[in-house]
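See below for the structure under consideration.
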Amino acid sequence: MEHMKDSKWDFALVLRQKYQEEIFREALRREGVELDAPYALTDIKVLEKVDVSGYKIIATIEHGETKVKSLVKCRYLIGADGGKSFVRRAMNIPFEGSSSEDKWVRIDGVIETDLPKPRTYCAIESPSHGNVLWAALDHGATRIGFAFTAERQKAYEEFNEEAAVKEAIASVKPFSLKFKQVDWWTIYVVGQRIARSFFVNDCVFLAGDACHTHSSGAAQGMNTGMHDAVNLGWKLSLVLQGLAKPDLLHTYEAERLPNVQKLINYDKDISRLMTMQLPESWTGDPNADPNEILGKVMAEAATFSSGLGIYYESDTYLNIQQSEDISMVQPGQRAPDVVLQKPATFEGTRLQAETPNTALFYIVVFAGDVAMTKPSLASFTEFLSTLSSLHDPTLPIQKLSIFAGPGGPSAYETLGDMPFGRVFYDEDHSAHQRYGISVEKGAVFVLRPDGWVGTVVGLDGSAAGKLDRYFGKFLNGVGSGKGGAKL
Ligand SMILES: Cc1cc2nc3c(=O)[nH]c(=O)nc-3n(C[C@H](O)[C@H](O)[C@H](O)COP(=O)(O)OP(=O)(O)OC[C@H]3O[C@@H](n4cnc5c(N)ncnc54)[C@H](O)[C@@H]3O)c2cc1C
C-alpha cells in the first residue's frame with residue numbers, strides 16, 4: 001500500500017477483534033501464561049506515605065461467582081478496563097470530551113451482492129447514510145457500517161437485528177445486498193473523550209479505552225490501546241526489574257497523551273465527514289463535498305493510522321536530539337525497518353527482526369564503508385572501553401554493527417579487531433540511504449525497546465560519552481561521566 005513503507009507488513013488485513021484476541025491468548029499460552037479474568041476490581045487504596053519503590057496500592061478484588069473478596073498489594077496498577085473504567089472513576093480522573101447525537105451501526109454477516117469487487121475494503125457515498133463502510137472480513141463475512149442519523153432513528157421504536165439489516169440494505173443502494181447469515185450487529189453513540197491524566201499518584205496508569213474513546217471511523221481504538229501497551233510495557237518491566245529509574249514511567253503520559261489528542265482531533269473531523277458534515281474548524285468552501293474532504297483527511301492521517309508515522313516529541317530525557325545533520329531519521333521517530341544481510345550466509349534479514357522488543361535497548365552502529373570509517377570506529381570503541389558502566393552484562397542494552405557494502409571473509413579481518421556487537425551487512429547501502437547516513441562517516445543510533453529512535457550521535461571519539469550520558473538519565477548503574485562531550 002502507498003502509505004505503508006518501512007515495514008515488512010505493507011498490506012491491509014481485516015481480522016475481527018475476537019479472532020485477534022484469540023491469537024494473543026494463544027501467544028501468551030506459548031509463554032506459559034493463561035489469561036483468565038474471574039475477578040472484578042472493586043476498590044483501590046493508594047498509600048500516600050509509601051514511596052515509589054514500595055507497595056503503594058491495596059486493591060480489592062471480588063470473585064465473580066463466589067463473591068469472595070481478596071486484597072492485593074501492588075506497586076503499580078494499570079486501568080485497562082474499558083470506556084467505563086472503574087479505575088478512572090475511582091481515581092477521580094476527568095474524562096473530557098463530548099458525544100454526538102448520531103449513532104453508528106455495524107453489521108457483520110455472509111452476504112450476496114452485485115457490488116463490483118465485493119471482497120475489498122471500500123466506501124460507498126450514500127445520500128441517506130453518509131460514507132458507508134464496506135469491509136471484506138475473515139471467514140467469508142462482510143462488515144457494513146453506516147451513520148444512523150437522529151432523523152432516521154425516528155422510524156424505529158426498537159432498533160433490532162431486522163432493523164439493522166433493513167438499514168444496511170438501504171445504505172448500500174444502488175447496489176443489492178442480501179444477508180445469508182448475520183454474525184453480529186451493534187448500534188452505538190459516537191463521541192470523543194480523553195482522560196485528563198494517564199498516570200496519577202506515581203502508581204496508577206490508564207491505558208486503552210479507559211483513557212480514550214472515539215469513533216471507529218479510522219479503526220483506531222484497539223490499535224491505540226496497543227500502542228499504549230507497547231509504550232508502557234518495556235518501561236514498567238525495566239523499572240520493576242530495578243534496571244531503570246521510576247521517573248522513566250512519566251514518559252508514558254508525556255508520549256502517549258499528545259498522540260491520543262492528535263487521534264481525537266482527526267477523529268472529530270472524520271466522524272463528522274462520515275455523516276456528511278464538514279469539520280467544525282472548516283474554513284474552506286462551505287459547499288465542499290464532505291466525501292472528497294474525507295478522502296483527503298484519511299490520506300493525511302494514513303501514516304499515523306497505520307502506526308508507522310507515530311512520533312514522540314524530542315525532549316532532554318528519552319528522545320534526545322543531538323545533531324540534525326547526522327541522519328534523516330530523528331529521535332522520537334519509529335526506526336524504519338530496513339533489509340540487511342547476515343554474515344557468512346548473507347541470508348536476508350530485517351532490522352526489526354534483529355531488534356525484537358524484549359525490554360532491551362539496542363546501540364546500532366551504522367559503520368558506513370569501513371575502508372573510510374575505520375579510524376572513527378576505532379576511536380568510538382576505544383572510548384567505549386573506558387566506560388566500564390556500559391560493559392556491565394546485566395544492562396538492558398544490546399549492540400549491533402551494520403557495515404555498508406558486501407561482507408568480506410569476516411568482520412574481524414575487515415576491521416583488524418573485534419567488531420562492535422553482532423554484525424550485519426548493508427550490501428546495496430539501502431539501509432544507510434533510508435536513514436540518511438553518509439557511508440563515509442557512519443553514525444550511532446540508539447533504538448528504544450519499542451523500536452523508536454532514542455538518540456543519534458556521530459561516529460567518533462565523543463559518541464561513547466554521549467551514550468553514557470543518555471543511558472545515565474534513566475538506567476540505574478550507568479553514567480560514569482568519563483570521556484566524551486556533554487549532551
Ligand atoms: C463497532 C466497533 C468497531 C470497532 N472497530 C475497531 C477497529 O476496526 N480497529 C480498532 O483498532 N478498534 C476498533 N474498535 C475499538 C476497540 O474494540 C476498542 O478500542 C478496544 O476493545 C478497547 O480495548 P480495551 O482493552 O481498552 O477495553 P475493552 O475491550 O473494553 O476491555 C476492558 C476489559 O476490562 C474488563 N473490566 C471492566 N471493568 C472491570 C473491573 N472493575 N474489574 C475487572 N475487569 C474489568 C472488561 O470486562 C473487559 O474485559 C471498535 C469498536 C466498536 C464498538
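Order of listing sets the numbers, starting from 1, for every ligand and every atom in it. Because the structure is predicted, anything quoted here is derived from the model rather than measured.
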Review point. Is at least one protein non-hydrogen atom found at under 4.0 angstrom from atom 47 (O) of ligand 1?
Key: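 No; the ligand atom in question lacks any protein heavy-atom contact below 4.0 Å.
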
Check your understanding: Would a 4.0 Å cut-off, counted as strictly less than, catch a protein heavy atom around atom 53 (C) of ligand 1?
Key ->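 So far as the 4.0 Å threshold goes, atom 53 (C) of ligand 1 is out of reach of every protein heavy atom.
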
Check your understanding: Does the gap between the ring centers of His139 and Tyr19 come in under 6.0 Å?
Key ->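 For His139 and Tyr19, the ring centres are under 6.0 Å apart.
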
Practice item. For Tyr470 and Gln322, test the side chains for any donor-to-acceptor distance below 3.5 angstrom and give the result as yes or no. Key: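 No, no side-chain donor-acceptor pair sits under 3.5 Å.
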
What protein heavy atom sits nearest [atom], and how far off is it?
| atom | answer |
| --- | --- |
| atom 5 (N) of ligand 1 | Ser216 CB, 4.0 Å |
| atom 44 (N) of ligand 1 | Tyr39 O, 4.4 Å |
| atom 9 (N) of ligand 1 | Ala219 O, 3.2 Å |
| atom 33 (C) of ligand 1 | Ala80 O, 4.0 Å |
| atom 19 (O) of ligand 1 | Asp209 OD1, 2.7 Å |
| atom 21 (O) of ligand 1 | Gln17 NE2, 2.8 Å |
| atom 34 (O) of ligand 1 | Asp81 CA, 3.4 Å |
| atom 28 (P) of ligand 1 | Gly82 CA, 4.1 Å |

Short N-O contact, [X] and [Y], less than 4.0 angstrom:
| X | Y | value |
| --- | --- | --- |
| Arg448 | Asp450 | yes |
| Lys56 | Asp202 | no |
| Glu21 | Lys18 | no |
| Arg334 | Asp6 | no |
| Glu34 | Arg29 | yes |
| Lys8 | Asp337 | no |

Taking 4.0 Å as the limit for heavy-atom contacts, which would you say applies to [X] with ligand 1: side chain only, backbone only, both, or neither?
| X | result |
| --- | --- |
| Trp184 | side chain |
| Thr186 | side chain |
| Ser85 | neither |

Practice item. Just do the side-chain contact (heavy atoms from CB on, under 4.5 Å) check on Leu232 and Tyr76 with the steps written out, would you? Key: CA-CA 12 Å; Leu232 180 56; Tyr76 297 101; over 6 Å; no

Atoms of ligand 1 less than 4.0 Å from [X] heavy atoms?
| X | answer |
| --- | --- |
| Phe86 | 41 (N) |
| Arg106 | 1 (C) |
| Tyr188 | 1 (C) |
| Gly208 | 26 (O) |
| Ala40 | 42 (N), 43 (C) |

Practice item. Using a cut-off of 6.0 Å, state whether more than 12 heavy atoms not belonging to Glu280 lie near its atom CD. Key: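 No, not enclosed.
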
Exercise for review: Measure from the side-chain N and O atoms of Asn319 to the backbone N and O of Pro331, and report whether any donor-acceptor pair falls under 3.5 Å.
Suggested key: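 Such a contact is absent between Asn319 side chain and Pro331 backbone.
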
Exercise for review: Look only at interatomic distance and state if Leu41 has a nitrogen or oxygen under 3.5 Å from any nitrogen or oxygen of ligand 1.
Suggested key: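 Between Leu41 and ligand 1 (N or O atoms, distance only) the closest approach is under 3.5 Å.
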
Check your understanding: Is Met222 close to ligand 1, meaning an N/O of one under 3.5 Å from an N/O of the other?
Key ->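 Yes, since at least one N or O of Met222 sits under 3.5 Å from an N or O of ligand 1.
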
Exercise for review: Please lay out, stage by stage, how Leu71 and Lys69 fare under the test side-chain contact (heavy atoms from CB on, under 4.5 Å).
Suggested key: CA-CA 7 Å; Leu71 297 182; Lys69 290 192 174 186; over 6 Å; no

